[in-house]
Amino acid sequence: MSTTNLTNMSSESTQNYSADSIQALEGMEHVRKRPSMYIGDVGVRGLHHLVYEVVDNSIDEAMAGHCSEISVIINEDDSITVEDNGRGIPVGIHQKEGVSALEVVMTKIGAGGKFDKDSYKVSGGLHGVGVSVVNALSDHLKATVFRDGKIWEQEYEKGKTLYAVRENGKSDKTGTLVTFKPDVSIFKDVQSYNYETLSNRMRELSFLNKGITINLTDKRKKVDDDFKKESFHSDEGLKEFIKFLDENREPLIPEVISIEGQKNDVPVEIAMIYNSSFNENIHSYVNNINTHEGGTHLSGFRRGLTSTLKKYADSSGLLDKIKFEISGDDFREGLTAIISVKVAEPQFEGQTKTKLGNKEVTSAVSQAVSEMLENYLEEHPNEAKIIVDKVVLAAQARHAARKAREMVQRKTVMGGGGLPGKLSDCSEQDPAQCEIFLVEGDSAGGTAKQGRDRNFQAILPLRGKILNVEKAMQHKVFENQEIINIYTALGVSVGTEDDSKALNLEKLRYHKIVIMCDADVDGSHISTLILTFFFRYMRELIENAHVYIATPPLYLVKKGAKKQYAWNDPDRDKLVEDFGTGTSVQRYKGLGEMNAIQLWDTTMNPESRTFRKVTIENAGEADRVFSMLMGDEVPPRREFIEQNATYANIDV
Ligand code: 0RA
């Protein structure tokens, strides 16, 4: 099993700005000078963002009812082509600007489709910046428009127009085709497009915008003599999205509950189901953007859900025997839901600007949920009982969990119960400088303790396989000693009664939390267990880029005094060839086989190590993978492992 689907090599290339360092530059030039202001970063995310920005324009055209198919192609040279069958960007002279509207869209920052008042433009990237930004950040871009029976084209270099819009032949189709090649002098540290990342996003877009067909082709790769490709199309939208997310979970009710409508001018779409798991799994979107940090639409959903279920349960007498309070959390245990709203002028807040701030949305969503659920519960008394029973069970478990949690709280910083005995702490006091290595097993822990730089590196050995939180009820999680040790060592206390998983990150004692496990099947299983725990119980740590995975080498290649490490088979083979006859290869089976100096040199020394930063590119996909890997059903897990068997092969 490899974690590459959930993690990403990521360069720390986000730029910093102070108000006065922002020079007033002309639009396109400013984009090139300060790309991160427009696309977030110039790393992997930014590179993929370019594709989303172009696709968003086609999605807008589809939402306006004029486009049914969008094709995305990763070309052999890592350029991207996006084609749609919409009306085609207008090519006539733009009154105010005096040049072709196409040229305005492509070269004026913020021009977007704004001159078209009729089009219902609510999509548009997180940054909503428009295709001109993509143009500015591309070495080369060519736009081709099929319109009025003709083919029109224009090309640009680094955003600069090469020639006026020209006609180049006849065609009876309509649509827009854009091919761009990102400027490598801007995306310096990024290799190339990741098929899976694009595929996950195109699938997500097809669920969020039902009826559209989105094709993805990778011309860099061939499978059975044909290019690698997929086609996404969803007739049922969010309903199907829920089924996809919960594929590996056991549903408690037979059908997905769904609603679609408009409240106070806010289009709201919701789908939800209850499953037998203990996890709350809610994904929220605004204008097709995943709002990781939630916001007013999510609050509205929670409010509507809680009040409606509570009212129903009270009036139905199902709670008569219950002596204790039922909290908001209890209504969401085992719930998978998607909330998608369209907001004309979204205000995004929060650390990653993925929290919706528009106040009017709360009541719109809350009303929508209440109406939908009231009807559903009335019409489905059997399912209603199943849901209420589940809520009651969750409340009971929560009472048991409270005792366990209070114990954790007493033992963590709140009670001042001291640090875990197994922790070898560092001497540095500034958390921003501190690192903690979570190491599998006491023996590897010992080596790491000797090898580390004790000034800023702490070691916490974990005993064998930590609890699989995917299958455990909350109180079991809070009773688990290894997990208590992690909470205590990190210094973060567990949440309140109402939000049992909220963390207080200000207390975090280390800003880098490094999972260091053997590079074999067991090691990667343990890494995944730890990651599952972080994903379910400490997601803020991942979202704030505190979680890393160490990468110990697989081989030591030696000849006489010459020694080099290799992290994969091709590198090993190359070293063996370079060193020539008499070379020996030592395979590291585990961290324990390295001595302290080797471990420092290869895996812990900031000068020479490689860490993989754990990121959540796509929360829905991450959730699906965790529920599959750690859940009950074996066949999908086997299939996933076979497809991602990087480590599994090595041991053969
Ligand atoms: C504004 C007006 C019209 C089309 C578009 C924008 C448009 C933009 C893009 C970007 C990618 N694909 C697109 N397809 C269409 C058309 C106005 C009209 O025909 O009356």
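Note that these values count all heavy atoms, side chains included, but never hydrogens, waters or copies made by symmetry. Remember, predicted model here, so these are calculated numbers, not experimental data. Both ligands and their constituent atoms are indexed starting at 1 by order of listing.
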Exercise. Relative to ligand 1, is Pro90 under 4.0 angstrom through side chain, backbone, both or neither, heavy atoms considered?
Worked result: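 The answer is the side chain.
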For this session: Heavy-atom distances under 4.0 Å are what count here, so tell me which part of Arg147 touches ligand 1: side chain, backbone, both or neither.
Result: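 For Arg147, only side-chain atoms sit under 4.0 Å from ligand 1.
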For this session: Please determine if Arg249 and Asp623 form a salt bridge, counting it only when a charged side-chain N lies under 4.0 Å from a carboxylate O.
Result: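 Judged by the 4.0 Å cut-off on N to carboxylate O distance, Arg249 and Asp623 do form a salt bridge.
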Problem set entry | Sidechain N-carboxylate O distance under 4.0 Å for Arg624, Glu621 |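 Salt bridge flag = yes for Glu621 with Arg624.
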Problem set entry | Close N or O approach (Asp84, ligand 1; < 3.5 Å) |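 Right, the criterion is met.
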Exercise. So is Lys222 actually on top of Phe227's ring, under 6.0 Å and inside 45° of the axis?
Worked result: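 Yes - Lys222 lies over the ring of Phe227, closer than 6.0 Å to its centre and within 45° of its axis.
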Problem set entry | Check against side-chain hydrogen bond (donor to acceptor under 3.5 Å, both in side chains), Thr308 and Glu374 | CA-CA 7 Å; Thr308 312; Glu374 263 168 42; 4.8 Å; no
Please could you name the atoms of ligand 1 that [X] approaches to less than 4.0 Å, counting only its heavy atoms?
X	result
Thr176	12 (N), 13 (C), 14 (N)
Asn57	10 (C), 11 (C)
Ile89	7 (C), 8 (C), 9 (C), 10 (C), 13 (C)

For this session: Apply side-chain hydrogen bond (donor to acceptor under 3.5 Å, both in side chains) to Asn85 and Ser68, showing your working.
Result: CA-CA 7 Å; Asn85 65 351; Ser68 61; 3.0 Å; yes
Exercise. Between Glu83 and Phe146, which heavy-atom pair has the shortest distance, and what is it?
Worked result: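 Nearest heavy atoms, Glu83 then Phe146: OE2-CE1, 3.9 Å.
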Exercise. Any heavy atom of Gly88 sitting closer than 4.0 Å to ligand 1?
Worked result: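 Yes, that is the case, since the closest heavy atom of the residue is under 4.0 Å from the ligand.
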